[in-house]
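The structure that follows is given in the form of structure tokens.
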Amino acid sequence: MKPAPPPPSPAVTKEFALKTIGFLGLGTMGSPMAVNLCRAGHTVYGWNRSDGKAGLLRAAGGRSVASIREAVREAEVVITMLPDAPQVEEVALGPDGILANARPGTLLIDMSTIAPQQAITLAGKAAEYRIRVLDAPVGGGEAGAIDGILSIMVGGDADDFAEAKPVFEALGRTIAHCGPNGRGQTVKAANQLVLAINLQACAEAVVFLEKSGVDLEVALDVLGGGLAGSNALARKKANFLKRDYTPSFRMGLHHKDLGIVTDTARAMGAAIPLGSVAAQLVASAVARGEADLDHSALLRGVELLSGYDHEEK
């Protein structure tokens, strides 16, 4: 009897795992994600709805294409990273879209943030074309996308998740299969719920501390070292201290996400009293013209409600 062959070396295993990927959506999040896929050795064809977004991808060795068809026709995996469900539906279901041009058996990974039911509907329509779908929204913002340390919440078939794991590992650090289609989006909705409440609490603490005359930087360091500490506070501390609202994650997108949260909670009969207040405060910021600011600009709303002008402190 011949001995069993040795297991493949890590290098062979890695080569086997490399994919040809069509990446659709090279915006604030999508561009660094596509770059990280290139750096991991995958072949990436990038497409964006507007021109002038593919420079970083090309510099990393990726290929910029002019149409969805060019991006997906040879791809084993197609990734979408788009602002909202209408854009996902247009790119996936349109006459020149993914389903019309991708090969049967292609794995479509939607990393946008859309409603759970919309993710389920997309998977059902894709199945008619023998295209498999994972919903895989992410958390971690632009910094997490650049550093390749995103949290990735995945809904879909377990075998499809296992196949996609090497792709996810180029993009994130915390990668979880949450269940069937729609469950990744459900977990992302909960993430956005917790984050909005956390940011609002941090913003309220900032005004509370400053109006009390406390050294804000020292106080935030103390809070960050105890049970009140959070990733949100750590990541947004500089924004609060400097009142720098250069967007890492835009208020307008968080407003959209909280609409998903409140609609989904209502449909399932889940009470989210703090989440409802946070959603109203984010909506107020958007109504004041702050949609393009970072979501840490919730601090501006607390200042307004408190009659507090930081510049006059």
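Along the sequence shown, residues are numbered consecutively beginning with 1.
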- Message: Counting only heavy atoms from other residues, nucleotides and ligands, does the tally under 6.0 Å from CZ of Arg130 exceed 12?
- Response: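 No, CZ of Arg130 has 12 or fewer neighbouring heavy atoms, counting only those of other groups under 6.0 Å.
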- Backbone N/O of Ile120 and side chain of Asn181: donor-acceptor pair under 3.5 Å: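 Such a contact is absent between Asn181 side chain and Ile120 backbone.
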- Message: Closer than 3.5 angstrom, by distance alone: can the side chain of Asp215 be matched with the main-chain N or O of Glu217 as a donor-acceptor pair?
- Response: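 Flag set: sc Asp215 to bb Glu217 pair under 3.5 Å.
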- Task: Side-chain contact test, heavy atoms from C-beta onward, threshold under 4.5 Å: evaluate it for Leu18 versus Thr43 and give yes or no.
- Result: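 No, their side chains stay 4.5 Å or more apart.
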- Item | 4.5 Å side-chain heavy-atom contact, Arg288 and Leu304 |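 Touching, per the 4.5 Å side-chain cut-off.
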- Task: Ignoring hydrogens and angles, tell me if any N or O in the side chain of Asn48 forms a donor-acceptor pair with the backbone of Leu26 under 3.5 Å.
- Result: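 A pair under 3.5 Å: yes.
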- Donor-acceptor contact present, side-chain His177 to main-chain Gly179, <3.5 Å: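 Answer holds: yes.
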- Message: With side chain to side chain contact (heavy atoms under 4.5 Å, CB included) as the test, pick out the partner of Val207 among Glu210, Glu204, Lys211.
- Response: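 The passing option is Lys211.
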- Item | ring-ring contact (aromatic ring centres under 6.0 Å, His included) contacts in which one or both residues fall within residues 252-282, not counting sequence neighbours |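 Sorted result for residues 252-282: Phe249-His254, His254-His295.
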- List the atom of Trp47, the atom of Ala71, and the distance in Å for their closest heavy-atom pair.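 Closest pair (atom of Trp47, atom of Ala71, distance): CB-CB, 4.2 Å.
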- Treat each ILVMFWY residue as a node, draw an edge where side-chain heavy atoms are under 4.5 Å apart, and state whether Val214 and Val302 are in one component.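 Linked, Val214 and Val302 end up in one cluster.
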- Heavy atoms, side chains only, cut-off 4.5 Å: are Val277 and Pro273 in contact?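 No; the side chains remain at least 4.5 Å from each other.
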- Item | 4.5 Å side-chain heavy-atom contact, Ile21 and Val78 |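 No, every pair of side-chain atoms sits at 4.5 Å or beyond.
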- Query: Between the main-chain N or O of Ile114 and the side-chain N or O of Gln185, is there a donor-acceptor pair closer than 3.5 Å?
  - Reply: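 Yes: the side chain of Gln185 pairs with the backbone of Ile114.
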- Query: Is the backbone of Leu134 close enough, under 3.5 Å, to the side chain of Asp160 for a donor and an acceptor to pair up by distance?
  - Reply: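 Flag not set: sc Asp160 to bb Leu134 has no pair under 3.5 Å.
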- Would you check if Lys19 and Leu37 make a side-chain contact, meaning some heavy-atom pair closer than 4.5 Å?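 Counting from C-beta outward, Lys19 and Leu37 never come under 4.5 Å.
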- Taking the side chain as every heavy atom from C-beta outward, state whether Pro247 and Leu293 have any pair of such atoms under 4.5 Å apart.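 Heavy-atom side-chain distance check fails, nothing below 4.5 Å.
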- CA sep, side-chain torsions, deciding dist, call: Glu70, Ser67, side chain to side chain donor-acceptor pair (under 3.5 Å): CA-CA 5 Å; Glu70 290 177 85; Ser67 69; 3.2 Å; yes
- Message: Does Glu90, at its CD atom, have more than 12 non-hydrogen atoms belonging to other residues, nucleotides or ligands within less than 6.0 Å?
- Response: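 No, not enclosed.
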- Query: Counting distance only, does the side-chain N/O of Thr106 pair as donor-acceptor with the main-chain N or O of Ala102 below 3.5 Å?
  - Reply: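 Flag not set: sc Thr106 to bb Ala102 has no pair under 3.5 Å.
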- Message: Would the distance check show the side chain of Ser112 and the main-chain N or O of Leu82 forming a donor-acceptor pair, the cut-off being under 3.5 Å?
- Response: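 Side chain of Ser112 to backbone of Leu82: a pair is present.
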- Met111 side, atom CE; Lys188 side, atom NZ - distance, nearest 0.5 Å: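 Rounded to the nearest 0.5 Å, the CE-NZ separation comes to 10.0 Å.
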- Spacing of Thr20 atom OG1 and Tyr45 atom OH [to the nearest 0.5 Å]: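 Interatomic distance, Thr20 OG1 to Tyr45 OH, rounded to 0.5 Å: 6.5 Å.
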- Query: Could Arg173 and Asp147 be called an ion pair, given the rule that one side-chain N must be under 4.0 Å from one carboxylate O?
  - Reply: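 Judged by the 4.0 Å cut-off on N to carboxylate O distance, Arg173 and Asp147 do not form a salt bridge.
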- Item | side chain to side chain donor-acceptor pair (under 3.5 Å): pairs with one or both residues in residues 71-83, sequence neighbours excluded |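 For residues 71-83, and leaving out neighbouring residues, the side chain to side chain donor-acceptor pair (under 3.5 Å) pairs sorted by first residue read Thr80-Asp110.
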- Query: Would Arg243 and Glu303 pass as an ion pair if we require N to O under 4.0 Å?
  - Reply: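 Looking at Arg243 and Glu303, the cut-off is met.
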- Message: Go through it in stages, so that I can follow the logic: the residues are Asp221 and Lys237, the test is salt bridge (Lys or Arg N to Asp or Glu O under 4.0 Å), and I'd like the CA-CA distance, side-chain angles, deciding distance and then a yes or no.
- Response: CA-CA 9 Å; Asp221 284 340; Lys237 175 185 170 185; 2.2 Å; yes
- Query: Does the side chain of Arg132 come within less than 4.5 Å of Leu108's, by heavy atoms?
  - Reply: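 When only atoms from C-beta onward are counted, Arg132 and Leu108 do not touch, as no gap falls below 4.5 Å.
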- Is the shortest distance from a Lys or Arg side-chain nitrogen in Asp294 or Lys236 to a carboxylate oxygen in the other one below 4.0 Å?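 A salt bridge is present here (some side-chain N lies under 4.0 Å from a carboxylate O).
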- Task: State whether the number of non-hydrogen atoms from other residues, nucleotides or ligands found under 6.0 Å of Asn231 atom CG is greater than 12.
- Result: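 Result for CG/Asn231: open.
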- Counting N and O atoms only, with roles assigned by atom type, does the side chain of Asn198 sit under 3.5 Å from a partner on the main chain of Val194, one being a donor and the other an acceptor?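 A pair under 3.5 Å: no.
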- Message: Measuring only between side-chain heavy atoms, which start at C-beta, is Met251 closer than 4.5 Å to Tyr245?
- Response: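 The answer is no, as the side chains (C-beta and beyond) never meet within the 4.5 Å cut-off.
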- Message: Taking CZ in Arg183 as the centre, count heavy atoms belonging to other residues, nucleotides or ligands within less than 6.0 Å. Is the count above 12?
- Response: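 Result for CZ/Arg183: open.
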- Task: Please confirm whether the backbone N or O of Gln280 pairs with a side-chain atom of Ser284, one donor and one acceptor, at under 3.5 Å?
- Result: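 The answer is no, because no donor-acceptor pair under 3.5 Å joins these two groups.
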